[in-house]
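Since the model is a prediction, treat every value here as computed from it, not as a measurement. Chain identifiers are assigned alphabetically (A, B, ...) following the order of the sequence lines, protein sequences preceding nucleic acid strands; residue numbering begins at 1 within each chain.
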Number of protein chains: 2
Amino acid sequence: MQPLVERLRDRRWRLTAQRRVIAEVLAGEHVHLAADEVFDRARAILPEVSLATVYNTLHELVDMGELLEVAHVDGRKRYDPNVEHPHHHLLCVDCGRMLDVHVDDPRLPDGEQHGFELLGVDVTFRARCPDCVGRVAVAALDRV
Amino acid sequence: MQPLVERLRDRRWRLTAQRRVIAEVLAGEHVHLAADEVFDRARAILPEVSLATVYNTLHELVDMGELLEVAHVDGRKRYDPNVEHPHHHLLCVDCGRMLDVHVDDPRLPDGEQHGFELLGVDVTFRARCPDCVGRVAVAALDRV
DNA sequence: GTTTCTGCAAAATATTTGCACATGC
DNA sequence: GCATGTGCAAATATTTTGCAGAAAC
(Lines give C-alpha, C1' and ligand atoms only; values in the text may rest on other atoms or scores of the structure.)
Protein backbone atom coordinates (compact mmCIF):
# COMPACT_ATOMS: atom_id res chain seq x y z
CA MET A 1 0.00 0.00 0.00
CA GLN A 2 1.16 3.57 -0.62
CA PRO A 3 2.30 5.86 2.18
CA LEU A 4 -0.15 7.90 4.22
CA VAL A 5 0.65 11.27 2.67
CA GLU A 6 0.08 9.90 -0.85
CA ARG A 7 -3.18 8.26 0.11
CA LEU A 8 -4.32 11.60 1.50
CA ARG A 9 -3.40 13.43 -1.69
CA ASP A 10 -5.43 10.90 -3.69
CA ARG A 11 -8.42 11.60 -1.49
CA ARG A 12 -8.25 15.25 -2.59
CA TRP A 13 -7.57 16.16 1.03
CA ARG A 14 -6.41 19.74 1.16
CA LEU A 15 -2.73 19.34 1.93
CA THR A 16 -1.41 22.22 4.00
CA ALA A 17 2.08 22.34 5.51
CA GLN A 18 0.60 21.72 8.96
CA ARG A 19 -1.40 18.68 7.87
CA ARG A 20 1.52 17.22 5.97
CA VAL A 21 3.85 17.49 8.97
CA ILE A 22 1.24 15.96 11.29
CA ALA A 23 0.73 13.07 8.88
CA GLU A 24 4.48 12.53 8.57
CA VAL A 25 4.98 12.50 12.33
CA LEU A 26 2.36 9.77 12.58
CA ALA A 27 3.70 7.45 9.88
CA GLY A 28 5.05 4.01 10.71
CA GLU A 29 4.53 0.88 12.77
CA HIS A 30 4.50 0.88 16.56
CA VAL A 31 3.56 4.56 16.57
CA HIS A 32 0.95 5.40 19.22
CA LEU A 33 1.26 9.07 20.03
CA ALA A 34 -0.99 11.18 22.23
CA ALA A 35 -2.23 14.51 20.86
CA ASP A 36 0.31 16.54 22.81
CA GLU A 37 3.14 14.30 21.60
CA VAL A 38 2.03 14.79 18.01
CA PHE A 39 1.98 18.52 18.70
CA ASP A 40 5.52 18.54 20.14
CA ARG A 41 7.00 16.56 17.27
CA ALA A 42 5.15 18.48 14.61
CA ARG A 43 6.16 21.81 16.12
CA ALA A 44 9.80 20.72 16.23
CA ILE A 45 9.61 20.40 12.43
CA LEU A 46 7.22 23.25 11.71
CA PRO A 47 6.79 25.84 14.47
CA GLU A 48 3.69 27.25 12.73
CA VAL A 49 1.46 24.48 14.06
CA SER A 50 -1.12 24.96 16.78
CA LEU A 51 -2.55 22.38 19.13
CA ALA A 52 -6.06 23.13 17.82
CA THR A 53 -4.93 22.18 14.33
CA VAL A 54 -3.42 18.98 15.68
CA TYR A 55 -6.76 18.04 17.23
CA ASN A 56 -8.69 19.06 14.11
CA THR A 57 -6.40 17.01 11.91
CA LEU A 58 -6.40 13.96 14.17
CA HIS A 59 -10.20 13.91 14.15
CA GLU A 60 -10.36 14.24 10.40
CA LEU A 61 -7.93 11.39 9.91
CA VAL A 62 -9.92 9.23 12.32
CA ASP A 63 -13.17 10.03 10.46
CA MET A 64 -11.46 9.19 7.17
CA GLY A 65 -10.37 5.85 8.58
CA GLU A 66 -6.66 6.63 8.17
CA LEU A 67 -6.02 6.69 11.91
CA LEU A 68 -7.33 4.65 14.84
CA GLU A 69 -8.10 6.23 18.17
CA VAL A 70 -6.92 3.99 20.98
CA ALA A 71 -8.22 4.33 24.55
CA HIS A 72 -5.53 4.39 27.20
CA VAL A 73 -5.96 3.98 30.99
CA ASP A 74 -4.16 7.25 31.65
CA GLY A 75 -7.04 9.07 29.98
CA ARG A 76 -5.01 10.41 27.05
CA LYS A 77 -6.10 8.96 23.73
CA ARG A 78 -3.40 7.55 21.43
CA TYR A 79 -3.45 7.69 17.65
CA ASP A 80 -2.41 4.62 15.66
CA PRO A 81 -1.63 5.05 11.95
CA ASN A 82 -1.17 1.38 11.21
CA VAL A 83 -4.58 0.80 9.62
CA GLU A 84 -3.15 -1.10 6.66
CA HIS A 85 -2.29 -4.14 8.75
CA PRO A 86 -4.89 -5.04 11.36
CA HIS A 87 -3.14 -5.74 14.64
CA HIS A 88 -3.42 -5.73 18.41
CA HIS A 89 -1.33 -4.15 21.15
CA LEU A 90 1.29 -4.96 23.74
CA LEU A 91 1.30 -2.30 26.45
CA CYS A 92 3.85 -1.65 29.18
CA VAL A 93 1.80 -0.77 32.26
CA ASP A 94 4.75 1.05 33.83
CA CYS A 95 5.93 3.40 31.10
CA GLY A 96 3.00 3.26 28.67
CA ARG A 97 5.09 2.12 25.71
CA MET A 98 2.93 0.32 23.16
CA LEU A 99 3.92 -2.08 20.37
CA ASP A 100 1.88 -3.62 17.56
CA VAL A 101 1.48 -7.40 17.75
CA HIS A 102 -0.23 -9.94 15.54
CA VAL A 103 -2.57 -12.43 17.18
CA ASP A 104 -5.61 -14.34 15.98
CA ASP A 105 -8.81 -12.53 16.92
CA PRO A 106 -10.69 -14.19 19.78
CA ARG A 107 -14.22 -15.32 18.90
CA LEU A 108 -17.25 -14.35 20.92
CA PRO A 109 -19.42 -17.45 21.50
CA ASP A 110 -23.08 -17.20 20.41
CA GLY A 111 -24.21 -17.49 24.02
CA GLU A 112 -22.26 -14.32 24.88
CA GLN A 113 -23.47 -12.03 22.08
CA HIS A 114 -26.36 -10.54 24.06
CA GLY A 115 -28.02 -9.60 20.76
CA PHE A 116 -25.20 -7.21 19.86
CA GLU A 117 -24.07 -6.72 16.25
CA LEU A 118 -20.32 -7.39 16.26
CA LEU A 119 -18.02 -4.90 14.55
CA GLY A 120 -14.55 -5.98 15.64
CA VAL A 121 -12.32 -6.77 18.54
CA ASP A 122 -9.44 -5.05 20.31
CA VAL A 123 -6.88 -7.03 22.27
CA THR A 124 -4.34 -5.43 24.61
CA PHE A 125 -1.70 -7.49 26.35
CA ARG A 126 -0.72 -5.87 29.65
CA ALA A 127 2.98 -6.36 30.29
CA ARG A 128 6.24 -4.85 31.47
CA CYS A 129 8.78 -3.87 28.87
CA PRO A 130 12.44 -4.92 29.23
CA ASP A 131 13.49 -1.43 30.39
CA CYS A 132 10.89 -1.35 33.15
CA VAL A 133 11.63 -4.90 34.28
CA GLY A 134 15.27 -3.82 34.62
CA ARG A 135 14.31 -0.69 36.51
CA VAL A 136 12.28 -2.72 39.04
CA ALA A 137 15.20 -5.12 39.53
CA VAL A 138 17.63 -2.25 40.16
CA ALA A 139 15.25 -0.61 42.64
CA ALA A 140 14.99 -3.92 44.52
CA LEU A 141 18.79 -4.18 44.73
CA ASP A 142 19.01 -0.62 46.08
CA ARG A 143 16.78 -1.58 48.99
CA VAL A 144 19.13 -4.36 50.15
CA MET B 1 -17.11 -15.10 47.51
CA GLN B 2 -18.53 -12.58 49.99
CA PRO B 3 -19.95 -9.23 48.92
CA LEU B 4 -17.74 -6.21 48.34
CA VAL B 5 -18.75 -4.33 51.49
CA GLU B 6 -17.97 -7.35 53.69
CA ARG B 7 -14.61 -7.90 52.05
CA LEU B 8 -13.79 -4.26 52.75
CA ARG B 9 -14.75 -4.58 56.42
CA ASP B 10 -12.44 -7.60 56.71
CA ARG B 11 -9.61 -5.54 55.32
CA ARG B 12 -10.03 -3.11 58.24
CA TRP B 13 -10.95 -0.46 55.70
CA ARG B 14 -12.41 2.49 57.54
CA LEU B 15 -16.07 2.28 56.63
CA THR B 16 -17.69 5.68 56.48
CA ALA B 17 -21.21 6.30 55.21
CA GLN B 18 -19.79 7.81 52.01
CA ARG B 19 -17.51 4.87 51.28
CA ARG B 20 -20.23 2.34 52.01
CA VAL B 21 -22.66 4.02 49.60
CA ILE B 22 -20.00 4.25 46.89
CA ALA B 23 -19.18 0.55 47.31
CA GLU B 24 -22.86 -0.37 47.18
CA VAL B 25 -23.46 1.64 44.03
CA LEU B 26 -20.65 -0.27 42.35
CA ALA B 27 -21.70 -3.80 43.29
CA GLY B 28 -22.77 -6.30 40.65
CA GLU B 29 -22.06 -7.71 37.22
CA HIS B 30 -22.14 -5.61 34.06
CA VAL B 31 -21.50 -2.47 36.12
CA HIS B 32 -19.04 -0.10 34.41
CA LEU B 33 -19.68 3.36 35.77
CA ALA B 34 -17.67 6.51 35.17
CA ALA B 35 -16.68 8.60 38.19
CA ASP B 36 -19.43 11.16 37.63
CA GLU B 37 -22.03 8.41 37.33
CA VAL B 38 -20.88 6.91 40.61
CA PHE B 39 -21.15 10.39 42.10
CA ASP B 40 -24.72 10.91 40.83
CA ARG B 41 -25.95 7.56 42.09
CA ALA B 42 -24.19 7.84 45.43
CA ARG B 43 -25.52 11.35 45.98
CA ALA B 44 -29.04 10.18 45.22
CA ILE B 45 -28.74 7.85 48.21
CA LEU B 46 -26.56 10.04 50.44
CA PRO B 47 -26.41 13.73 49.57
CA GLU B 48 -23.39 14.20 51.87
CA VAL B 49 -20.99 12.82 49.27
CA SER B 50 -18.54 14.94 47.34
CA LEU B 51 -16.97 14.23 43.97
CA ALA B 52 -13.50 14.41 45.55
CA THR B 53 -14.44 11.61 47.91
CA VAL B 54 -15.73 9.57 44.99
CA TYR B 55 -12.37 9.94 43.24
CA ASN B 56 -10.43 9.22 46.44
CA THR B 57 -12.49 6.12 47.11
CA LEU B 58 -12.31 4.83 43.54
CA HIS B 59 -8.52 5.10 43.59
CA GLU B 60 -8.26 3.32 46.92
CA LEU B 61 -10.43 0.48 45.70
CA VAL B 62 -8.34 0.19 42.53
CA ASP B 63 -5.12 0.11 44.59
CA MET B 64 -6.66 -2.55 46.83
CA GLY B 65 -7.52 -4.63 43.79
CA GLU B 66 -11.26 -4.52 44.51
CA LEU B 67 -12.01 -2.48 41.40
CA LEU B 68 -10.64 -2.46 37.86
CA GLU B 69 -10.07 0.76 35.97
CA VAL B 70 -11.14 0.37 32.35
CA ALA B 71 -9.97 2.72 29.59
CA HIS B 72 -12.73 4.06 27.37
CA VAL B 73 -12.38 5.85 24.03
CA ASP B 74 -14.46 8.79 25.25
CA GLY B 75 -11.68 9.60 27.73
CA ARG B 76 -13.76 8.90 30.84
CA LYS B 77 -12.44 5.94 32.81
CA ARG B 78 -14.94 3.26 33.87
CA TYR B 79 -14.81 1.29 37.10
CA ASP B 80 -15.53 -2.43 37.03
CA PRO B 81 -16.25 -4.18 40.35
CA ASN B 82 -16.35 -7.67 38.92
CA VAL B 83 -12.88 -8.75 40.01
CA GLU B 84 -14.09 -12.11 41.36
CA HIS B 85 -14.76 -13.53 37.91
CA PRO B 86 -12.15 -12.60 35.31
CA HIS B 87 -13.91 -11.53 32.16
CA HIS B 88 -13.74 -9.41 29.03
CA HIS B 89 -16.01 -6.74 27.57
CA LEU B 90 -18.62 -6.19 24.91
CA LEU B 91 -18.89 -2.47 24.13
CA CYS B 92 -21.58 -0.62 22.17
CA VAL B 93 -19.67 1.96 20.14
CA ASP B 94 -22.79 4.11 19.78
CA CYS B 95 -24.09 4.45 23.33
CA GLY B 96 -21.09 3.22 25.35
CA ARG B 97 -23.02 0.45 27.12
CA MET B 98 -20.66 -2.28 28.27
CA LEU B 99 -21.39 -5.90 29.25
CA ASP B 100 -19.16 -8.56 30.78
CA VAL B 101 -18.46 -11.54 28.54
CA HIS B 102 -16.49 -14.74 29.00
CA VAL B 103 -14.01 -15.70 26.30
CA ASP B 104 -10.80 -17.70 26.31
CA ASP B 105 -7.78 -15.43 26.62
CA PRO B 106 -5.85 -15.06 23.37
CA ARG B 107 -2.22 -16.22 23.58
CA LEU B 108 0.68 -14.04 22.50
CA PRO B 109 3.06 -16.11 20.32
CA ASP B 110 6.71 -16.23 21.46
CA GLY B 111 7.77 -14.37 18.34
CA GLU B 112 5.57 -11.42 19.33
CA GLN B 113 6.65 -10.98 22.95
CA HIS B 114 9.37 -8.41 22.22
CA GLY B 115 11.03 -9.34 25.52
CA PHE B 116 8.05 -8.08 27.55
CA GLU B 117 6.98 -9.77 30.79
CA LEU B 118 3.28 -10.62 30.32
CA LEU B 119 0.84 -9.69 33.06
CA GLY B 120 -2.56 -10.26 31.48
CA VAL B 121 -4.79 -9.48 28.55
CA ASP B 122 -7.84 -7.29 27.98
CA VAL B 123 -10.28 -8.06 25.18
CA THR B 124 -12.98 -5.64 24.06
CA PHE B 125 -15.51 -6.60 21.40
CA ARG B 126 -16.68 -3.49 19.55
CA ALA B 127 -20.34 -3.84 18.65
CA ARG B 128 -23.74 -2.19 18.43
CA CYS B 129 -26.29 -3.04 21.08
CA PRO B 130 -29.88 -4.00 20.11
CA ASP B 131 -31.22 -0.55 21.05
CA CYS B 132 -28.70 1.27 18.88
CA VAL B 133 -29.19 -1.12 15.94
CA GLY B 134 -32.91 -0.32 16.18
CA ARG B 135 -32.23 3.39 16.36
CA VAL B 136 -30.11 3.29 13.20
CA ALA B 137 -32.84 1.35 11.39
CA VAL B 138 -35.52 3.88 12.40
CA ALA B 139 -33.34 6.79 11.29
CA ALA B 140 -32.90 5.11 7.90
CA LEU B 141 -36.67 4.70 7.52
CA ASP B 142 -37.21 8.36 8.37
CA ARG B 143 -35.02 9.34 5.46
CA VAL B 144 -37.22 7.48 2.92
C1' DG C 1 -11.98 34.21 -5.92
C1' DT C 2 -14.03 30.97 -3.16
C1' DT C 3 -13.77 27.51 -0.04
C1' DT C 4 -11.53 25.61 3.60
C1' DC C 5 -7.90 25.71 7.05
C1' DT C 6 -5.28 27.91 10.89
C1' DG C 7 -4.04 30.11 15.19
C1' DC C 8 -5.51 32.26 19.19
C1' DA C 9 -7.87 32.50 23.23
C1' DA C 10 -11.64 31.18 25.83
C1' DA C 11 -14.69 27.40 27.28
C1' DA C 12 -15.91 22.80 28.43
C1' DT C 13 -14.85 18.50 30.53
C1' DA C 14 -12.31 15.37 33.62
C1' DT C 15 -9.39 14.76 37.34
C1' DT C 16 -6.27 16.10 41.20
C1' DT C 17 -4.81 18.55 45.27
C1' DG C 18 -4.40 21.42 49.77
C1' DC C 19 -6.29 22.15 53.83
C1' DA C 20 -9.52 23.05 57.79
C1' DC C 21 -13.02 20.40 59.84
C1' DA C 22 -15.40 16.04 60.97
C1' DT C 23 -15.64 11.22 62.26
C1' DG C 24 -14.63 6.02 62.78
C1' DC C 25 -12.53 3.04 65.69
C1' DG D 1 -8.00 10.90 71.32
C1' DC D 2 -5.78 10.19 67.30
C1' DA D 3 -5.37 8.76 62.90
C1' DT D 4 -7.76 9.06 58.87
C1' DG D 5 -11.59 10.65 55.86
C1' DT D 6 -14.41 14.52 53.98
C1' DG D 7 -15.99 18.64 51.57
C1' DC D 8 -14.87 22.71 49.41
C1' DA D 9 -12.69 25.38 46.24
C1' DA D 10 -8.93 26.14 43.50
C1' DA D 11 -5.55 24.00 40.34
C1' DT D 12 -4.31 21.01 36.57
C1' DA D 13 -4.92 18.35 32.33
C1' DT D 14 -7.14 17.30 28.15
C1' DT D 15 -10.10 18.38 24.55
C1' DT D 16 -13.41 21.45 22.12
C1' DT D 17 -15.12 25.68 20.05
C1' DG D 18 -15.83 30.50 17.84
C1' DC D 19 -14.06 33.46 14.85
C1' DA D 20 -11.02 36.72 12.16
C1' DG D 21 -7.41 36.31 9.06
C1' DA D 22 -4.61 33.24 5.85
C1' DA D 23 -3.73 29.96 2.38
C1' DA D 24 -4.94 26.05 -1.02
C1' DC D 25 -6.80 25.06 -5.24
Side-chain angles (χ1 to χ4, degrees), chain A residues 5-6 8-26 32-64 66-80 96, chain B residues 5-26 32-64 66-79 96:
Chain A
V5 174
E6 288 183 27
L8 295 173
R9 211 189 313 272
D10 289 353
R11 282 174 181 270
R12 311 284 164 96
W13 191 59
R14 189 175 283 209
L15 202 53
T16 64
Q18 288 85 343
R19 289 176 166 197
R20 183 182 47 74
V21 171
I22 292 167
E24 283 170 2
V25 157
L26 283 163
H32 309 93
L33 297 173
D36 62 313
E37 295 169 328
V38 174
F39 178 52
D40 289 344
R41 295 188 188 204
R43 201 172 37 168
I45 299 170
L46 181 78
E48 295 78 13
V49 176
S50 73
L51 187 53
T53 296
V54 169
Y55 276 107
N56 285 339
T57 304
L58 290 174
H59 291 159
E60 285 194 52
L61 292 172
V62 169
D63 291 345
M64 266 179 215
E66 292 289 355
L67 215 53
L68 291 174
E69 200 173 51
V70 182
H72 201 293
V73 276
D74 69 2
R76 286 151 77 212
K77 296 166 192 161
R78 305 301 145 111
Y79 293 89
D80 182 340
Chain B
V5 174
E6 288 184 27
R7 290 206 302 279
L8 296 173
R9 212 188 314 271
D10 289 353
R11 285 174 180 270
R12 310 285 166 97
W13 192 58
R14 189 176 284 209
L15 202 52
T16 63
Q18 288 85 342
R19 289 176 166 196
R20 182 181 49 72
V21 170
I22 291 168
E24 283 170 4
V25 157
L26 282 163
H32 307 93
L33 298 173
D36 62 314
E37 295 168 327
V38 173
F39 177 52
D40 289 344
R41 296 188 188 203
R43 201 171 38 168
I45 300 171
L46 181 78
E48 294 80 11
V49 176
S50 74
L51 187 54
T53 295
V54 169
Y55 276 108
N56 285 339
T57 304
L58 291 173
H59 292 160
E60 286 194 50
L61 292 171
V62 169
D63 290 346
M64 266 179 213
E66 292 288 355
L67 214 53
L68 291 174
E69 200 173 51
V70 182
H72 201 294
V73 275
D74 69 2
R76 287 152 76 210
K77 297 166 191 162
R78 305 301 144 114
Y79 293 89

Short side-chain to backbone donor-acceptor contact, B:Gln18 and B:Glu48, under 3.5 Å:
yes
Report the residue from B:Arg76, B:Arg78, B:Arg43 that forms a salt bridge (Lys or Arg N to Asp or Glu O under 4.0 Å) with B:Asp36.
B:Arg76
Taken to the nearest whole Å, CZ/A:Arg12 to P/C:dC5 is 15 Å
Please tell me if the side chains of B:Val73 and A:Lys77 come closer than 4.5 Å, counting only heavy atoms from C-beta onward.
no
My understanding is that only residues two or more places apart in sequence, or in another chain, count here; which of them pass side chain to side chain contact (heavy atoms under 4.5 Å, CB included) with A:Ile45?
A:Val21, A:Val25
Side-chain donor or acceptor of A:Arg19 paired with backbone N/O of A:Arg14 under 3.5 Å
yes
Under 4.0 Å between any heavy atoms, over every strand shown, what does A:Arg19 touch: base, sugar-phosphate, or nothing? Just pick one.
sugar-phosphate
Atom pair distance, as rounded to whole Å: CZ in A:Arg14 and P in D:dA22:
16 Å
Does a nitrogen or oxygen in the side chain of B:Thr16 sit under 4.0 Å from OP1 or OP2 of D:dT6?
yes
Between protein and nucleotides 7-19 of chain D, map the contacts as a letter string: B base, S sugar-phosphate only, - none, heavy atoms under 4.0 Å, written 5' to 3'.
BB-----SBBB--
Measure from CG on A:Leu15 to P on D:dC25 and round the result to the nearest Å.
7 Å
What's the CD1-P distance between A:Ile22 and C:dC5, to the nearest Å?
12 Å
Separation of atom CZ in A:Arg20 from atom P in D:dC25, rounded to whole Å
12 Å
When the distance from CG of A:Asp63 to P of C:dC5 is rounded to whole Å, what number comes out?
12 Å
Answer yes or no: is there a donor N or O on one side and an acceptor on the other, between the side chain of B:Thr53 and the main chain of B:Val49, under 3.5 Å?
no
For atom CZ of A:Arg43 and atom P of C:dT6, their distance in whole Å:
16 Å
Whole-Å distance separating the CE atom of A:Met64 from the C1' atom of C:dC5:
12 Å
